[in-house]
Structures are given as structure tokens and as C-alpha cells.
Amino acid sequence: MKINLVILAAGNSTRFQENKLLYPYHGIALVEHVFQHIPKACFDQVIVVTQYEKVEALAKQYDFVVVYNPSPEKGISYSLHLGLEASLTSDGCMFLAGDQPWLKTDSIKALCEHFDGTHILCASTHGIIKNPIIFPAVYYEELLSLVGDVGGKKVVHRHKEACILWEVDEHELYDVDTKANLKIF
């Protein structure tokens with residue numbers, strides 16, 4: 001089965017008060033921690049949606065496809081559309097936030113290995129749906145209909161009967177919104 005990965009890395013980091021994706025964390029940019037944990041063999045393509053030249057340059061160092069988002073103010077749905085439009089020939093598309101530096105390679109692999117092409121496969125912790133999420137192609141049209149600052153979880157909630165939750169350690173699924181978040185782990 002052909003699965004693409006879309007890494008959403010175009011946000012404005014308003015709560016962080018500077019570009020969190022490029023913020024140095026343990027010697028490298030925060031987003032690079034995410035890039036380092038991508039098991040490229042699991043994916044047909046890894047696509048990074050960004051508005052930042054430095055994130056683009058980092059992504060290219062990992063041989064990822066870069067899709068430029070010229071209008072991040074349109075919300076997360078716009079980044080999702082851009083990444084998904086580059087993935088329409090895939091059987092499934094995983095969406096991953098670029099601010100989850102603790103997500104492990106093995107967890108991403110496990111999600112890919114358990115994707116059956118029919119169900120929405122969601123990482124979760126204690127039954128709470130988190131990113132990453134893999135959507136089968138049957139949901140692409142619905143994902144492309146999202147507008148504003150709305151992500152794929154809206155589609156997940158509409159189709160809970162089609163979801164399989166894959167438990168992942170909550171530490172891995174934590175995303176960074178403020179500098180204080182980086183001191184938690």
C-alpha cells in the first residue's frame with residue numbers, strides 16, 4: 001500500500017512568540033527532531049508544507065518534497081490541502097505536526113504497519129486522539145473540503161466508527177506551543 005506523509009510546518013507560532021520550528025532544541029532546530037525520526041522506507045513520499053525558507057532547506061537535506069504555503073493565515077486546513085493535493089495518488093496519507101519533537105520512529109512505523117487502507121488510524125494516548133493520523137484515500141475529498149483553522153480531526157470525529165486508535169506514549173504525542181513546553185521533558 002502506498003502511504004504518503006505530510007508534515008505540517010507552516011504555522012506562525014503566535015503562542016511561542018517566534019518561529020518554534022527553527023528554535024534550537026538540544027543543538028538542532030525543533031523541526032529537525034521530527035525529520036530525524038521519519039522512517040522514509042514506510043512512505044512513498046514525505047512532503048513538508050511550510051512557509052519558511054530555512055525549514056525548506058532542512059527538509060531538502062532529508063530529501064523530502066517541499067510544498068510552499070504562501071498563505072498560512074488561511075489556517076491549518078490550507079496547509080492540509082496543499083500537502084494532500086501532492087498525495088492524491090496514494091492509498092493513505094499520514095498527517096504529522098512539525099512541532100512533535102518527541103515522536104519516535106518506532107511509533108510512526110507501527111502506525112504505518114497497522115494501516116489497512118480502510119480505517120482512519122489515529123495515534124492516541126489514554127483514548128484521546130492525537131497526531132499523527134493516517135487517512136485512507138476515501139476521505140481525501142472530505143479533507144479537501146475543510147476551511148479555516150480546522151484540521152483533520154474534524155473528519156475523524158465525523159467518522160468515529162471508522163477509526164482505529166493506536167496507543168502511543170503520551171510523552172511522544174506532546175506538541176510544543178510555548179517555550180515552557182520544552183522544559184517539561
Side-chain angles (χ1 to χ4, degrees), residues 3-87 93-109 111-112 123 125 129-135 143 146-153 168-185:
I3 303 171
N4 280 1
L5 170 63
V6 174
I7 301 173
L8 302 168
N12 289 322
S13 308
T14 52
R15 289 176 281 183
F16 200 82
Q17 300 181 344
E18 66 181 281
N19 187 340
K20 67 181 169 184
L21 298 169
L22 297 172
Y23 191 79
Y25 181 66
H26 294 292
I28 61 173
L30 185 78
V31 74
E32 193 167 0
H33 288 274
V34 175
F35 292 170
Q36 287 180 346
H37 290 101
I38 302 303
K40 287 173 51 174
C42 292
F43 302 104
D44 190 57
Q45 284 189 91
V46 177
I47 300 161
V48 178
V49 180
T50 191
Q51 65 170 316
Y52 303 107
E53 288 180 15
K54 289 182 179 180
V55 172
E56 177 181 358
L58 282 172
K60 287 182 176 178
Q61 288 177 15
Y62 288 84
D63 295 320
F64 298 159
V65 174
V66 176
V67 175
Y68 180 71
N69 181 343
S71 303
E73 70 280 355
K74 290 182 180 180
I76 194 143
S77 66
Y78 188 64
S79 287
L80 188 144
H81 293 174
L82 292 170
L84 188 56
E85 287 169 358
S87 300
C93 188
M94 177 186 283
F95 291 94
L96 171 63
D99 63 353
Q100 289 182 294
W102 301 288
L103 186 62
K104 294 180 182 172
T105 303
D106 287 344
S107 296
I108 298 169
K109 281 182 185 177
L111 284 163
C112 291
T125 183
I129 296 168
K130 301 280 192 171
N131 287 315
I133 299 171
I134 308 177
F135 291 92
L143 288 164
L146 297 172
V147 293
D149 206 22
V150 175
K153 285 184 188 171
V168 176
D169 178 67
E170 69 182 304
H171 175 256
E172 290 185 56
L173 300 182
Y174 199 80
D175 62 334
V176 176
D177 290 323
T178 66
K179 290 176 186 165
N181 294 149
L182 292 171
K183 297 175 184 169
I184 293 173
F185 303 109

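Given the structure is predicted, the values throughout are model-derived calculations rather than measurements.
In this structure, the salt bridge (charged side-chain N to carboxylate O under 4.0 Å, His left out) partners of Glu56, at least two apart in sequence or on a different chain, are Lys60. Looking at residues two or more places apart in sequence or on another chain, you find a side-chain contact (heavy atoms from CB on, under 4.5 Å) between His33 and Tyr25, His26, Ile28, Pro101. Residues that satisfy the side-chain hydrogen bond (donor to acceptor under 3.5 Å, both in side chains) test with Lys153, not counting sequence neighbours, are absent from this structure. Taking Thr50 as the reference, nothing meets the side-chain hydrogen bond (donor to acceptor under 3.5 Å, both in side chains) condition, with sequence neighbours excluded. With sequence neighbours excluded, the residues forming a side-chain contact (heavy atoms from CB on, under 4.5 Å) with Gln45 are Asn4, Ile47, Val65, listed by chain and number. Not a single ring pair (Phe, Tyr, Trp, His ring centres under 6.0 Å) links Tyr52 to another residue, sequence neighbours left out. With sequence neighbours excluded, the residues that form a side-chain hydrogen bond (donor to acceptor under 3.5 Å, both in side chains) with Lys179 are Glu18. Residues that satisfy the salt bridge (charged side-chain N to carboxylate O under 4.0 Å, His left out) test with Asp175, not counting sequence neighbours, are absent from this structure. Checked against ring pair (Phe, Tyr, Trp, His ring centres under 6.0 Å), Tyr68 has no partners two or more places apart in sequence or in another chain. Under the rule for a salt bridge (charged side-chain N to carboxylate O under 4.0 Å, His left out), Lys54 has no partner lying at least two apart in sequence or in another chain. For Gln100, there are no side-chain hydrogen bond (donor to acceptor under 3.5 Å, both in side chains) partners, not counting sequence neighbours.
Considering every non-hydrogen atom in both Val168 and Ser107, the closest pair reads CG1-OG, 3.7 Å. Across Ala9 and Val31, no two heavy atoms sit closer than the pair CB-CG2, 4.5 Å. Of all heavy-atom pairs between Gly152 and Leu80, the closest is N-CD1, 3.7 Å. Closest non-hydrogen pair, Ala29 versus Leu58, comes out as CB-CD1, 3.9 Å. In this structure, Ala86 and Val67 approach most closely via the heavy-atom pair CB-CG2, 4.3 Å.
Within a 6.0 Å sphere centred on NZ of Lys109, heavy atoms belonging to other residues, nucleotides or ligands number 12 at most.
Rounding to the nearest 0.5 angstrom, the gap separating the CG atom in Asp99 from the CG atom in Asn181 is 9.0 Å.
Side-chain N or O atoms of His81 include one that pairs as donor or acceptor with a backbone N or O of Leu146 at under 3.5 Å. One N or O on the side chain of Glu172 and one on the backbone of Lys104 form a donor-acceptor pair closer than 3.5 Å.
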Determine, step by step, whether Leu84 and Phe135 satisfy the side chain to side chain contact (heavy atoms under 4.5 Å, CB included) criterion, reporting the C-alpha distance in whole Å, the side-chain angles of both residues, the deciding distance to 0.1 Å, and the verdict. CA-CA 10 Å; Leu84 188 56; Phe135 291 92; over 6 Å; no
Stepwise side chain to side chain contact (heavy atoms under 4.5 Å, CB included) check, Ile7 with Ile38: CA-CA 10 Å; Ile7 301 173; Ile38 302 303; 4.1 Å; yes
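Among Leu111, Leu103, Leu8, Val6, the one residue that satisfies the side chain to side chain contact (heavy atoms under 4.5 Å, CB included) test with Leu96 is Leu103. When the options Asp106, Thr105, Val46, Leu5 are evaluated for a side chain to side chain contact (heavy atoms under 4.5 Å, CB included) with Pro39, the one that passes is Thr105. For the side chain to side chain contact (heavy atoms under 4.5 Å, CB included) test with Trp102, the passing option among Asp169, Val176, Val34 is Val176; the others fail.
Counting heavy atoms from C-beta outward, Gln61 and Phe35 have side chains that stay 4.5 Å or more apart. Using a 4.5 Å heavy-atom cutoff, the side chains of Asp63 and Lys40 are in contact. Side-chain contact between Val49 and Phe95: absent, with no pair of heavy atoms (C-beta onward) separated by less than 4.5 Å. With contacts defined as side-chain heavy-atom distances shorter than 4.5 Å, the pair Val48/Tyr62 does not qualify.
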Which side-chain N or O atoms in residues 70-78 pair as donor and acceptor under 3.5 Å with protein atoms at least two apart or in another chain?
from: Ser77; atom 1: OG; to: Gly148; atom 2: N; distance (Å): 3.0
from: Ser77; atom 1: OG; to: Gly148; atom 2: O; distance (Å): 2.6

